[in-house]
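Scroll down for the structure; my scribbles are underneath it.
Not measured: the values here are computed from a predicted model.
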Amino acid sequence: MVKARSEASSLRIFILLLSIILLVAFCWYIFSSQTKRASSSGEIPVLFIHGYLGSQNSLGTMIKRFEENNWGQKSAYCIVRSDGTVQWKQKGKLAGQLPMIHVVFKKADASLEEQTKWVGRIIDDLKKMYHISSVDLLGHSMGGLTATAVSLERPKDVHKLVTLGSPLKGLDYGELMEMYPRAKNYQASEGARDLVFHSAALRDMHARKEDFAQHIDIFSGAGDIGDGTDGVVTIESAYGLDSFTEHIHFQTFHESHSNLHESKEVDEAVYQFLKRD
């Protein structure tokens, strides 16, 4: 009799343990499935990074057009203060085919090194907020240099890279001032130093090209107003990542430097590159 009760008790314990194991396994399966769906269903946010002396307005209209075309949704908006502090002004759900993150630097003449660190902090924040594994980076002008530098520093965090009119081989600051007279007030800035032909920052970037991760697909857009430049950046400079990887798509648009982020043709090309299969 005692033996029978003991066997019955052992059976109950076995059934309880088995039930717990099955429950844990089921929960893990659900969690893993959700994680896989989050990483493969398009929930890879796209960071929009403006260029030298840019502002909230620089890429704001491009983001708005993407929303109007139902290509994506602005999910978050952050401002990086001059001291590098990231201030989140908007934090919403990652939604739409392309969840878009609007990034604005208060110190818009900052060095490439500073901007690279700041975007790294933003990515860290996004990982904590949304449990993502990677991001897409879209940068106009110097924003493309920053996006490239981040791709070199944090290759596992980057899925796709878009550069638009980015002086990857440098530019002539005098020509920049001709198109944007305001730039005369910032000639001594660290950002200006990093943008010019043969700058130390650009030399360092190109010296590390062999380290560029081959899983990162690149779209490089250049402007041409009829003279082989967009008024500031040459096509050759905008296509400066040609020796970094074979996974790169080039496209030239009949647009000036600033109009590269105001063009519906550019919008369509970028969307086709970024859209999820």
Side-chain angles (χ1 to χ4, degrees), residues 46-72 74 77 98 100-105 108-110 112 115 136-148 160-186 191-192 194-197 218-242 248-275:
V46 185
L47 275 64
F48 283 69
I49 308 169
H50 65 72
Y52 179 69
L53 303 183
S55 68
Q56 178 181 350
N57 298 324
S58 300
L59 292 175
T61 52
M62 186 177 192
I63 291 172
K64 185 176 181 180
R65 289 193 303 275
F66 268 58
E67 289 186 308
E68 291 171 347
N69 288 325
N70 294 316
W71 293 344
K74 184 176 176 180
Y77 165 51
L98 297 176
M100 297 178 288
I101 313 296
H102 194 179
V103 177
V104 176
F105 301 130
D109 61 343
L112 181 58
Q115 292 190 9
D136 290 339
L137 299 175
L138 181 155
H140 172 256
S141 195
M142 188 173 182
L145 302 186
T146 301
T148 301
K160 289 184 178 181
L161 168 64
V162 176
T163 66
L164 298 175
S166 298
L168 291 149
K169 291 186 176 180
L171 53 72
D172 183 322
Y173 201 83
E175 292 181 358
L176 180 69
M177 290 189 292
E178 286 183 17
M179 180 164 278
Y180 304 102
R182 175 170 165 252
K184 294 178 182 178
N185 301 324
Y186 299 89
D194 291 344
L195 282 171
V196 299
F197 291 119
I218 303 175
F219 177 95
S220 283
D224 185 4
I225 57 174
D227 61 356
T229 80
D230 61 13
V232 177
V233 179
T234 66
I235 295 175
E236 180 185 1
S237 186
Y239 288 173
L241 295 180
D242 56 347
I248 187 167
H249 175 75
F250 300 106
Q251 190 165 343
T252 303
F253 304 92
H254 297 294
E255 301 289 354
S256 63
H257 190 65
S258 290
N259 281 343
L260 283 168
H261 56 68
E262 301 301 329
S263 162
K264 292 183 179 180
E265 183 185 3
V266 175
D267 291 350
E268 176 69 28
V270 170
Y271 169 68
Q272 291 298 326
F273 175 73
L274 289 177
K275 73 177 183 179

Query raised in the report: Would a 4.5 Å heavy-atom cut-off, applied to side chains only, mark L168 and L145 as touching?
Result: yes
Query raised in the report: Looking only at heavy atoms, which two atoms of H50 and A108 are closest? And how far apart?
Result: CE1-CB, 4.3 Å
Requested in this report: Calculate, to the nearest 0.5 Å, the distance between atoms CD1 and CG belonging to I101 and L137 respectively.
Outcome: 11.5 Å
Query - Working for side chain to side chain contact (heavy atoms under 4.5 Å, CB included), residues F66 and L98 - result: CA-CA 9 Å; F66 268 58; L98 297 176; 4.1 Å; yes
Query raised in the report: If you measure from CD1 on I49 to OG1 on T146, what distance do you get to the nearest 0.5 Å?
Result: 6.5 Å
Query raised in the report: Hey, what do you get for CG (L161) to CG (L274), rounding to the nearest 0.5 Å?
Result: 10.0 Å
Query - Nearest-0.5 Å distance that lies between atom CZ in F250 and atom OG1 in T163 - result: 8.5 Å
Report summary line: Taking every heavy atom of S220 against every heavy atom of Y239, the minimum-distance pair comes out as O-CE2, 3.5 Å
Query - Verdict with reasoning, Q56 to H102, per side chain to side chain contact (heavy atoms under 4.5 Å, CB included) - result: CA-CA 8 Å; Q56 178 181 350; H102 194 179; 3.9 Å; yes
Query raised in the report: Do V270 and L164 have side chains that get closer than 4.5 Å, going by heavy atoms?
Result: yes
Query raised in the report: Mind checking what makes side chain to side chain contact (heavy atoms under 4.5 Å, CB included) contact with A110, not counting sequence neighbours?
Result: K107, E114, Q115, W118
**Report entry** Under 3.5 Å: donor-acceptor pair, side chain of H261, backbone of M62
**Finding:** no
Query raised in the report: What's the verdict on side chain to side chain contact (heavy atoms under 4.5 Å, CB included) for E268 and K264, showing C-alpha distance, side-chain angles and the deciding distance?
Result: CA-CA 6 Å; E268 176 69 28; K264 292 183 179 180; over 6 Å; no
Query raised in the report: If you take all heavy atoms of S166 and G144, which pair is closest and at what distance?
Result: OG-CA, 3.2 Å
Query raised in the report: Roughly how far apart are Y77 OH and F48 CZ, rounded to 0.5 Å?
Result: 14.5 Å
Query raised in the report: Is a donor on one side and an acceptor on the other found under 3.5 Å between the side chain of E67 and the backbone of K74?
Result: yes
Query raised in the report: Does E236 CD have over 12 foreign heavy atoms under 6.0 Å away?
Result: no
Query raised in the report: Can you tell if the side chain of F219 reaches within under 4.5 Å of the side chain of L138, non-hydrogen atoms only?
Result: no
Requested in this report: For the pair D194 (side chain) and L112 (backbone), establish whether a donor and an acceptor sit closer than 3.5 Å, ignoring hydrogens and angles.
Outcome: yes
Query raised in the report: Which heavy atom of F273 sits nearest a heavy atom of K160, and at what distance?
Result: O-NZ, 2.6 Å
**Report entry** Test side chain to side chain contact (heavy atoms under 4.5 Å, CB included) applied to V162 and V46, step by step
**Finding:** CA-CA 10 Å; V162 176; V46 185; over 6 Å; no
Requested in this report: Quick one: closest heavy-atom pair of Y52 and A192, and the distance?
Outcome: OH-CB, 3.5 Å
Identify each donor-acceptor pair in which a side-chain atom of residues 228-235 lies under 3.5 Å from a protein atom, sequence neighbours left out, and give them as a table.
| residue | atom | partner | partner atom | Å |
| --- | --- | --- | --- | --- |
| T229 | OG1 | D227 | OD1 | 2.9 |
| T229 | OG1 | D227 | OD2 | 3.3 |
| T229 | OG1 | G231 | N | 2.9 |
| D230 | OD1 | V232 | N | 2.9 |
| D230 | OD1 | V233 | N | 2.6 |
| D230 | OD2 | H257 | ND1 | 2.7 |
| T234 | OG1 | S237 | N | 3.0 |

For residues 175-184, tabulate all N or O donor-acceptor pairs below 3.5 Å that involve a side-chain atom, not counting sequence neighbours.
| residue | atom | partner | partner atom | Å |
| --- | --- | --- | --- | --- |
| Y180 | OH | S258 | N | 3.4 |
| Y180 | OH | S258 | OG | 2.3 |
| R182 | NH1 | L53 | O | 3.1 |

Query raised in the report: Closest approach of L59 and H140, non-hydrogen atoms and distance?
Result: CD2-CB, 4.2 Å
Query raised in the report: Could you state the interatomic distance from CG (L260) to OG (S141), rounded to the nearest 0.5 Å?
Result: 9.0 Å
